[in-house]
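What follows is a short report on a single structure.
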Amino acid sequence: MDLDQLAALRTPEGSAALTAAAGLAGGDPLAAASALRAAGVPPTLAAAALTQAELRHRAVGKFGSAAAGMFLTRPGLEQATRRVVADRRAARLSAAGVRTLADLGCGLGADALAAARAGIRVYGVEADPVTAAMAAANAEAAGLAELFTVECGDATGFDVSGVDGVFCDPARRASGTGRRIFDPRAYSPPWDFVTGLAERVPRTVVKVAPGLDHALIPAGAEAEWVGVDGDLVEAALWCGELAEVPRRATVYRQRGAETHSHQLTGSGATEAPVGPVRGYLYDPDPAVVRAHLVAELATELDATLGDPSIAYLYADAPIHTPYARCLEITDVLPFSLKRLRALLRDRRVGRVEILKRGSALTPEQLRRDLRLAGDEAASLALTRVDGAPTVLIGRPVH
Ligand SMILES: C[S@@+](CC[C@H](N)C(=O)[O-])C[C@H]1O[C@@H](n2cnc3c(N)ncnc32)[C@H](O)[C@@H]1O
């Protein structure tokens with residue numbers, strides 16, 4: 001997509017093409033293209049409208065119904081923050097007194113739009129001209145063009161002296177190849193610039209990939225890991241006045257039509273106690289594990305680790321928690337394929353879910369090797385207990 005194609009999509013003719021394309025998204029792309037052409041839409045406009053319709057369709061999971069009016073690029077959508085996460089971050093910034101915010105590398109504007117919805121005046125800077133134009137179009141489509149404006153340029157040259165907060169979500173994909181960048185030092189804007197922002201603006205938040213090495217967390221910053229329904233989606237560094245605790249795990253859980261957020265906080269430096277395997281196994285959410293808050297969760301659950309290096313917790317009681325999955329354990333066996341296969345055969349187990357921590361076994365291979373038969377279901381956890389390869393058999397506690 002180039003700037004001319006985007007401009008064409010924003011004309012009345014383009015808007016009609018987008019509406020027609022929306023009804024065709026998710027189906028056969030060739031049939032959709034012929035249907036648009038048969039309706040008199042010029043081929044280039046039809047192609048651009050279909051691409052947008054396809055991306056909007058995919059974006060519903062991140063942005064809900066607002067996706068229907070947004071302009072998107074594939075890499076922009078992949079890197080954009082989910083609406084629930086962006087809204088909560090914006091609410092926290094607003095509660096901390098941020099009224100004006102620079103979003104340095106604003107992409108398609110998912111975070112900036114959330115801040116604007118929270119009443120914050122946002123100055124977005126985006127290096128890529130098409131992405132910048134789309135962000136501006138997204139602000140207009142959301143009725144937020146007065147609160148969120150976008151300038152196309154290099155964020156490193158933006159004068160941050162006039163704002164009371166800065167947000168930066170550096171690009172974690174190589175421009176050109178689109179490949180994921182794992183080393184923050186290769187981010188754009190560059191890592192030194194990003195971490196240096198906190199020294200210039202006391203209320204700075206930086207979004208980073210959840211694989212962030214703890215050694216790169218700036219001194220005094222709060223590091224937050226975010227999980228959505230069991231998936232680890234991002235980490236954020238809250239710097240200066242915004243840091244409230246050393247570590248935080250924010251876990252979002254969907255219940256019916258609503259999403260609830262839960263927060264576990266702590267030092268991230270405490271070791272959980274070690275003890276025997278007990279009646280219930282807790283498998284902590286990846287956000288809790290990455291935030292190094294397993295010890296804090298152990299305290300909440302009155303639980304212990306079975307092995308000091310493995311983040312499975314064991315307790316005597318099932319406690320409802322948003323921070324972990326819970327299994328009631330029926331059997332604990334030293335790992336032996338033969339014994340496990342015989343036991344599952346005896347119990348007529350035909351379906352297993354396989355969890356693992358601290359085991360080199362591949363669940364798919366094990367499932368094949370077990371040659372299951374029967375109508376019953378079971379959960380298996382492959383792990384080590386006190387250093388020994390062990391399999392726990394159980395069932396989920398809901
Ligand atoms: C991860 S995306 C931002 C996503 C955004 N927070 C959202 O949720 O929609 C990072 C963006 O920064 C832009 N970028 C990278 N380096 C930049 C620079 N030096 N100046 C301005 N923008 C930059 C990229 O083009 C990309 O669109």
Side-chain angles (χ1 to χ4, degrees), residues 1-3 6 55-56 58-59 61-64 66-67 69-90 93 101-118 120 122-139 141-142 144 148-160 165-197 204-212 224 226 228 233-237:
M1 163 97 51
D2 59 27
L3 284 171
L6 176 62
L55 289 170
R56 287 174 175 187
R58 267 205 240 161
K62 272 195 174 173
F63 305 136
M70 292 181 77
F71 291 93
L72 306 161
T73 62
R74 210 171 300 273
L77 174 58
E78 279 166 11
Q79 296 184 80
T81 305
R82 279 163 183 71
R83 185 167 172 145
V84 279
V85 178
D87 279 343
R88 212 196 116 261
R89 179 157 41 228
L93 284 169
L101 181 77
D103 184 342
L104 302 181
C106 67
L108 296 169
D111 284 289
L113 290 166
R117 279 194 295 275
I120 298 172
V122 188
Y123 300 90
V125 188
E126 170 53 51
D128 177 62
V130 174
T131 308
M134 285 187 170
N138 291 338
L144 293 166
F148 169 33
T149 48
V150 186
E151 130 186 358
C152 182
D154 186 344
T156 57
F158 187 81
D159 176 9
V160 289
V166 167
F167 173 70
C168 184
D169 175 8
R172 295 174 302 282
R173 304 233 170 210
S175 59
T177 63
R179 286 229 180 93
R180 253 177 225 274
I181 296 170
F182 292 100
D183 183 354
R185 285 162 288 218
Y187 283 176
S188 177
W191 187 242
D192 287 349
F193 164 77
V194 172
T195 47
L197 283 168
T204 291
V205 188
V206 178
K207 176 178 156 184
V208 287
L212 179 79
E224 176 192 32
V226 179
V228 178
V233 298
E234 66 166 66
L237 302 173

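Remember, predicted model here, so these are calculated numbers, not experimental data. One-based numbering, in listed order, for ligands and for the atoms of each.
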Residue Gly109 vicinity, atoms of ligand 1 by number, heavy atom under 4.0 Å: 9 (O)

Nearest option to atom 18 (C) of ligand 1, as decided by whichever heavy atom of Asp154, Leu77, Val194 sits closest: Asp154

Nearest non-hydrogen protein atom, atom 12 (O) of ligand 1: Gly105 CA, 3.4 Å

Asn138 (side chain) donor-acceptor with Leu108 (main chain) under 3.5 angstrom: yes

Atom pair CZ/OG1 of Arg185 and Thr195 - distance to nearest 0.5 Å: 11.0 Å

Smallest separation among heavy atoms of Thr156 and Pro190, with atom names: CG2-CD, 4.1 Å

Inter-residue atom distance Tyr123.OH - Cys106.SG, 0.5 Å rounding: 14.0 Å

Lys NZ or Arg CZ of Arg56 over Phe71 ring: under 6.0 Å, within 45°: yes

Protein contact of atom 10 (C) of ligand 1 - nearest heavy atom, named by residue and atom, plus distance: Asp169 O, 3.1 Å

Lys207-ligand 1 polar pair, N/O distance under 3.5 Å: no

Minimum non-hydrogen distance to atom 26 (C) of ligand 1, winning option of Gln79, Arg82, Glu126: Glu126

For atom 7 (C) of ligand 1, the option (of Gly107, Ala86, Ser188, Ala80) bearing the nearest heavy atom: Ala80

Side chain Lys62, main chain Ala67, donor-acceptor under 3.5 Å: no

Per-atom contacts, ligand 1 versus Gly153 - under 4.0 Å to a heavy atom: 20 (N), 21 (C)

Contact with ligand 1 for Leu108, non-hydrogen, under 4.0 angstrom: yes

Ligand 1 contact on Ala112 by region, counting heavy-atom pairs under 4.0 Å: neither

Carboxylate-amine/guanidinium contact Glu224 Arg88, below 4.0 Å: yes

Heavy-atom pair with the smallest gap, counting every atom of Gly107 and Ala135: O-CB, 3.3 Å

Close approach of Pro75 to ligand 1, heavy atoms, under 4.0 angstrom: no

Polar atom proximity, Thr156 to ligand 1 (N or O, under 3.5 Å): no

Side-chain ion pair, Arg172 and Glu234, N-O less than 4.0 Å: no

Residue Thr81 vicinity, atoms of ligand 1 by number, heavy atom under 4.0 Å: 7 (C), 8 (O)

Ligand 1 contact on Cys106 by region, counting heavy-atom pairs under 4.0 Å: backbone

N or O contact, Asp128 vs ligand 1, cut-off under 3.5 Å: no

Nearest heavy atoms of Ala139 and Leu113, plus distance in Å: CA-CD2, 3.7 Å

Check: Ala127 N/O within less than 3.5 Å of ligand 1 N/O: yes

Euclidean distance, Leu55 CG relative to Met1 CE, rounded to 0.5 Å: 8.0 Å

Sub-4.0 Å atoms of ligand 1 with respect to non-hydrogen atoms of Asp111: 5 (C), 6 (N), 7 (C), 8 (O)

Any N/O pair Ala110/ligand 1 closer than 3.5 Å: yes

Polar atom proximity, Ala155 to ligand 1 (N or O, under 3.5 Å): yes

Leu197 versus Thr204, closest heavy-atom pair with distance: O-OG1, 3.6 Å

